[in-house]
A.B. asks: 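Here it is, the structure, as structure tokens.
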Amino acid sequence: MAKEITSRSENYSQWYNDIVIKAGLADHSAVRGCMVIKPYGYAIWEKIQRQLDDMFKATGHQNAYFPLFIPKSFFSKEASHVEGFAKECAIVTHYRLKNDPNGKGVIVDPDAKLEEELIVRPTSETIIWNTYRGWIQSYRDLPILINQWANVVRWEMRTRLFLRTAEFLWQEGHTAHATKEEALEETIKMVNVYAEFAQNWLGIPVIIGTKSESERFAGAVETYCIEALMQDGKALQAGTSHFLGQNFAKAFDVKFASKEGTLDYVWATSWGVSTRLMGALVMAHSDDNGLVLPPMLAPTQVVIIPIFRTDEELASITSKVNQIVAELKSKGISVQFDNRDNLKPGFKFAEYELKGYPVRIAIGPKDLEKGTVEVARRDNLTKEFVSQDGIANYVEQLLKDIQTNIFQRSLKFRELNTTKVDTYEEFKEKLDNPGGFILAHWDGTAETEEKIKEETKATIRCIPLDGEIEPGKCIITGKPSERRVIFARAY
RNA sequence: CGGGGUGUAGCGCAGCCCGGUUAGCGCAUCUGGUUUGGGACCAGAGGGUCGCAGGUUCGAAUCCUGCCACCCCGACCA
């Protein structure tokens with residue numbers, strides 16, 4: 001069939017592409033590196049957005065919107081920020097087209113050149129801090145706790161649907177504070193929000209940590225992150241929260257009058273997650289039959305498939321299904337009844353497995369006689385007959401179980417694929433088998449990190465926050481190290 | 001941006017090397033009928049700028065040049 005997907009063992013990358021495309025999440029577009037997010041994929045993104053947005057509001061943030069375009073000069077104000085993003089910026093140089101005097105089509109009107117070029121935002125720190133300057137005079141104007149949902153553009157050389165696209169959707173929080181302590185607290189608060197979301201909603205266990213200097217956000221003093229492990233043993237950075245210190249306040253001259261009467265620079269944070277989470281969702285849970293979605297994020301949690309021969313049978317099944325649908329909906333469960341008569345049940349089963357619907361209910365003439373339905377769960381592909389009485393309670397609990405099971409399974413996988421090593425030999429060996437997270441001592445220098453990266457492709461994913469203090473020796477230089485850091489090959 | 005590959009109907013492919021009538025096949029789609037507890041069957045029908053643009057030729061899906069997109073592998077990144 002046209003819908004068949006490559007198995008993970010055969011070709012993991014192809015498996016991922018197949019799922020994204022064949023489950024209807026996204027497609028390639030006519031523009032290099034840019035994707036079309038299709039309705040089913042966008043519905044998942046909307047659920048992600050809704051939940052995160054609630055969490056942001058609950059922690060005191062408000063949404064706002066800043067421009068897509070940033071004057072080029074803004075970029076040069078924060079040195080490391082420019083350096084970090086300069087290589088992947090899209091630039092607007094003209095503002096008008098005209099008919100090609102030589103024939104067909106249109107050309108850029110050379111007379112319509114912008115005096116100052118505009119950068120299509122790769123992130124919004126600069127335009128936002130330029131704006132905040134006008135909003136902040138005294139400590140009474142602080143803190144400013146703002147988030148924006150937006151698209152950004154980073155001109156990537158090699159792209160992959162959701163994981164790395166030239167344009168992507170995200171949210172970026174940008175906050176301003178009177179004290180360093182408060183900004184640091186905000187940074188950590190938000191990385192914890194991300195971790196909670198990843199674990200309870202995406203069903204993906206994450207490790208919270210800080211980045212090494214070389215992996216840090218351009219312009220940040222400290223970058224906190226959540227790191228997840230994918231089924232192929234590669235790590236995926238799922239979210240970041242940056243303590244920006246006073247770097248942007250200094251670059252954009254944002255000062256405030258303190259309670260004590262001094263004039264101080266403002267402290268800043270920024271934090272974001274992107275449509276990359278969609279990629280994480282696919283790679284963390286799905287199998288060779290297709291997508292596996294956690295119930296908390298599935299656009300539709302339950303699909304009901306009638307098994308029938310005649311119109312009469314369909315009619316009597318339908319009336320029973322209508323009751324079940326009403327019961328499920330009254331519990332806030334999203335449900336879809338697929339009564340198409342041109343497809344066989346088996347086809348539909350495969351279709352909904354591909355799309356990752358968490359629960360499938362099949363109901364046929366025999367069920368009507370016996371007062372049962374067949375309930376199949378997507379996460380472990382098991383099915384059983386369940387009484388129609390109390391079906392809503394049963395499904396409600398089942399959805400919770402599936403959510404838990406998906407998380408536990410990922411957690412177990414991560415545990416099995418996390419290895420402590422004490423020598424470089426062992427490091428290289430474990431990196432290939434089993435792969436995954438490698439916990440090793442590191443002397444804290446960028447040189448050692450770079451050497452390991454060059455030789456093994458593995459990078460420091462993070463210095464885990466809850467990692468135990470355990471003195472040891474760097475696997476490369478033998479210099480003292482106070483704790484293990486997490487290495488992995490990463491997306 | 002370097003190396004390798006691909007591009008022919010909605011999807012998957014054959015045809016290309018060795019140019020030559022109306023460009024084929026499977027799936028999907030539409031119509032009719034029989035079907036329906038794990039990807040149904042029969043009959044009929046519709047659907048094509050052969051990725052795009054040039055060139056060679058009496059004639060190009062096929063040969064040549066350029067470009068575009070996608071995939072795999074590198075360098076760069078969320």
Side-chain angles (χ1 to χ4, degrees), chain A residues 1-6 11-14 16-18 21-22 27-35 84-89 104-105 122-123 152-172 194 211 214-218 223 225-228 235-242 270-280 289-290 305-311 313-314 317 338-354 360-370 372-374 376 381 383 385 453-454 457 459 461 490-491:
Chain A
M1 290 295 275
K3 291 288 187 184
E4 279 196 2
I5 58 180
T6 308
N11 184 339
Y12 192 85
S13 297
Q14 192 56 49
Y16 173 81
N17 291 333
D18 282 353
I21 289 172
K22 291 179 178 168
D27 250 331
H28 296 287
S29 72
V31 184
R32 174 205 283 261
C34 295
M35 65 180 163
F85 287 106
K87 295 178 297 254
E88 49 187 24
C89 285
K104 333 135 198 168
T123 179
V152 289
V153 169
R154 297 182 187 175
W155 214 259
E156 299 290 348
M157 297 191 162
R158 224 178 125 185
T159 59
R160 298 199 58 194
L161 295 170
F162 290 118
L163 297 172
R164 183 171 298 108
T165 45
E167 178 192 18
F168 57 94
L169 306 185
W170 76 346
Q171 57 71 216
E172 47 181 327
Y194 289 154
K211 286 292 186 187
S214 56
E215 296 278 327
R216 199 174 287 156
F217 175 74
T223 288
C225 63
I226 53 172
E227 290 288 327
L236 184 91
Q237 177 177 302
T240 48
S241 182
H242 314 291
S270 68
W271 28 273
V273 296
S274 72
T275 34
R276 184 178 233 205
L277 290 179
M278 298 282 297
N289 293 325
I305 296 173
I307 314 275
F308 61 97
R309 293 163 192 277
T310 62
D311 287 347
E313 278 179 357
L314 179 59
I317 289 167
D338 184 347
N339 61 0
R340 288 176 294 177
D341 62 1
N342 59 328
L343 296 172
K344 293 191 67 167
F347 182 89
K348 295 179 183 177
F349 293 172
E351 189 75 12
Y352 292 107
E353 275 166 19
L354 175 61
R360 180 186 77 228
I361 294 176
I363 176 165
K366 293 177 204 162
D367 292 304
L368 291 185
E369 282 172 29
K370 294 185 291 181
T372 59
V373 294
E374 185 197 68
L381 297 170
K383 51 190 177 184
F385 287 97
K453 184 180 177 182
E454 273 182 21
K457 307 278 180 220
T459 52
R461 300 322 303 153
Y491 277 97

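Small disclaimer: the values here were computed from a predicted structure and weren't measured. To find a chain, count down the sequence lines: A is the first, B the second, and so on, and within it residues start at 1.
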A.B. asks: Look at the side chain of E215(A) and the backbone N and O of K211(A), then say whether any donor-acceptor pair between them is shorter than 3.5 Å.
C.D. replies: no
A.B. asks: Using a 4.0 Å heavy-atom cut-off to protein, can you give one letter per nucleotide of nucleotides 73-78 of chain B, 5' to 3': B if the base is in contact, S if only the sugar-phosphate is, - if neither?
C.D. replies: BBB-BB
A.B. asks: Which atoms form the tightest heavy-atom contact between R158(A) and R164(A), and what is the distance?
C.D. replies: O-CD, 3.4 Å
A.B. asks: Measuring only the C1' atom in each nucleotide, how far is U57(B) from G19(B)? A whole number of Å is fine.
C.D. replies: 9 Å
A.B. asks: U36(B), A69(B), G37(B): which one has an atom nearest the side-chain heavy atoms of R32(A)?
C.D. replies: A69(B)
A.B. asks: Determine which nucleotide pairs with A69(B), using a 3.5 Å limit on both distances of a Watson-Crick or G-U wobble pair.
C.D. replies: U6(B)
A.B. asks: Could you check which nucleotide pairs with A61(B) in any of the strands shown, counting Watson-Crick or G-U wobble with both distances under 3.5 Å?
C.D. replies: none
A.B. asks: Does any donor atom in the side chain of T459(A) or R461(A) lie under 3.5 Å from an acceptor atom in the other side chain?
C.D. replies: yes
A.B. asks: Less than 3.5 Å between a donor and an acceptor, one on the side chain of E353(A) and one on the base of G38(B), is that the case here?
C.D. replies: yes
A.B. asks: Does OP1 or OP2 of U36(B) have a side-chain N or O of K344(A) closer than 4.0 Å?
C.D. replies: no
A.B. asks: NA contact type, Y352(A), heavy-atom cut-off 4.0 Å: base, sugar-phosphate, or nothing?
C.D. replies: nothing
A.B. asks: N17(A) near the nucleic acid: base, sugar-phosphate alone, or nothing, with a heavy-atom cut-off under 4.0 Å?
C.D. replies: sugar-phosphate
A.B. asks: So which nucleotide does G44(B) pair with, by the Watson-Crick or G-U wobble rule with both distances under 3.5 Å?
C.D. replies: C30(B)
A.B. asks: For residues N17(A) and R160(A), report the shortest heavy-atom separation together with the two atoms involved.
C.D. replies: OD1-NH2, 3.6 Å
A.B. asks: Once you round it to whole Å, what is the distance between P of A40(B) and CZ of R340(A)?
C.D. replies: 12 Å
A.B. asks: When the C1' atoms of U29(B) and G12(B) are considered, how many whole Å apart are they?
C.D. replies: 16 Å
A.B. asks: Find the distance between CD1 (I21(A)) and CE (M35(A)) and round it off to the nearest 0.5 Å.
C.D. replies: 11.5 Å
A.B. asks: Is W155(A) atom CH2 crowded by more than 12 heavy atoms from other residues, nucleotides or ligands, each under 6.0 Å away?
C.D. replies: no
A.B. asks: Consider the side chain of R309(A), meaning its heavy atoms from C-beta on, and name the nucleotide among U35(B), C70(B), G39(B) that approaches it most closely.
C.D. replies: U35(B)
A.B. asks: For C25(B), what is the paired nucleotide under Watson-Crick or G-U wobble rules, both distances under 3.5 Å?
C.D. replies: G12(B)
A.B. asks: Need one value for E313(A): base, sugar-phosphate or nothing, where a base atom within 4.0 Å counts as base even if backbone is also close, heavy atoms only.
C.D. replies: nothing
A.B. asks: What integer number of Å spans the C1' atoms of A60(B) and A53(B)?
C.D. replies: 15 Å
A.B. asks: Quick one: NZ on K87(A) to CD on E156(A), what's the gap to the nearest 0.5 Å?
C.D. replies: 10.5 Å
A.B. asks: When the nearest nucleotide of RNA chain B is assigned to V31(A) and to I363(A) on a heavy-atom basis, which residue is associated with the more 5' position?
C.D. replies: I363(A)
A.B. asks: Using the P atoms only, state how far C72(B) lies from G15(B), rounded to an integer number of Å.
C.D. replies: 24 Å
A.B. asks: Contact class for P365(A) (heavy atom, under 4.0 Å): base, sugar-phosphate, or nothing?
C.D. replies: base
A.B. asks: Can you check whether any acceptor in the base of G38(B) is under 3.5 Å from a donor in the side chain of R360(A), or vice versa?
C.D. replies: yes
A.B. asks: Would you kindly give the CZ-to-P distance between F349(A) and U36(B), to the nearest whole Å?
C.D. replies: 14 Å
A.B. asks: Determine the interplanar angle of the F217(A) and H242(A) rings, folded into 0 to 90°, and report it as parallel if under 30°, tilted if 30 to 60°, perpendicular if over 60°.
C.D. replies: parallel
A.B. asks: Which base, if any, makes a Watson-Crick or G-U wobble pair with A78(B), both distances under 3.5 Å?
C.D. replies: none
A.B. asks: Can you tell me, in whole Å, how much space there is between the C1' of U8(B) and that of C1(B)?
C.D. replies: 30 Å
A.B. asks: Examine the base of G38(B) for any acceptor or donor lying under 3.5 Å from a partner atom in the side chain of K383(A), and report the outcome as yes or no.
C.D. replies: yes
A.B. asks: Give, for atom CD1 of I226(A) and atom OH of Y194(A), the distance between the pair rounded to the nearest 0.5 Å.
C.D. replies: 8.5 Å
A.B. asks: Would you classify G33(A) as touching base, sugar-phosphate or nothing, given that sugar-phosphate means primed atoms plus P, OP1 and OP2, and contacts are heavy atoms under 4.0 Å?
C.D. replies: sugar-phosphate
A.B. asks: Using atom P in both nucleotides, what's the gap between G10(B) and A28(B) to the nearest angstrom?
C.D. replies: 16 Å
A.B. asks: In whole Å, measure the gap between the C1' atoms of A9(B) and G5(B) for me.
C.D. replies: 24 Å
A.B. asks: Report the distance from atom CG of D311(A) to atom P of U36(B), rounded to the nearest whole Å.
C.D. replies: 13 Å
A.B. asks: Tell me the interatomic distance from D27(A), atom CG, to C71(B), atom P, rounded to whole angstroms.
C.D. replies: 11 Å
A.B. asks: L161(A) CG to C72(B) C1': how many Å, rounded?
C.D. replies: 15 Å
A.B. asks: Mind calculating the distance between CG (D18(A)) and P (C71(B)) to the nearest angstrom?
C.D. replies: 12 Å
A.B. asks: Can you tell me the distance, in whole Å, between the CD1 atom of I307(A) and the P atom of G39(B)?
C.D. replies: 11 Å
A.B. asks: Say you pick atom C1' in G48(B) and the same atom in G24(B); how far apart are they, in whole Å?
C.D. replies: 12 Å
A.B. asks: Send over the distance from E374(A) CD to G38(B) C1', rounded to a whole Å.
C.D. replies: 9 Å
A.B. asks: When rounded to the nearest 0.5 angstrom, what is the spacing between CD in E167(A) and OG1 in T159(A)?
C.D. replies: 12.5 Å
A.B. asks: Base, sugar-phosphate alone, or nothing: which one does K348(A) contact when heavy atoms must sit under 4.0 Å apart?
C.D. replies: nothing
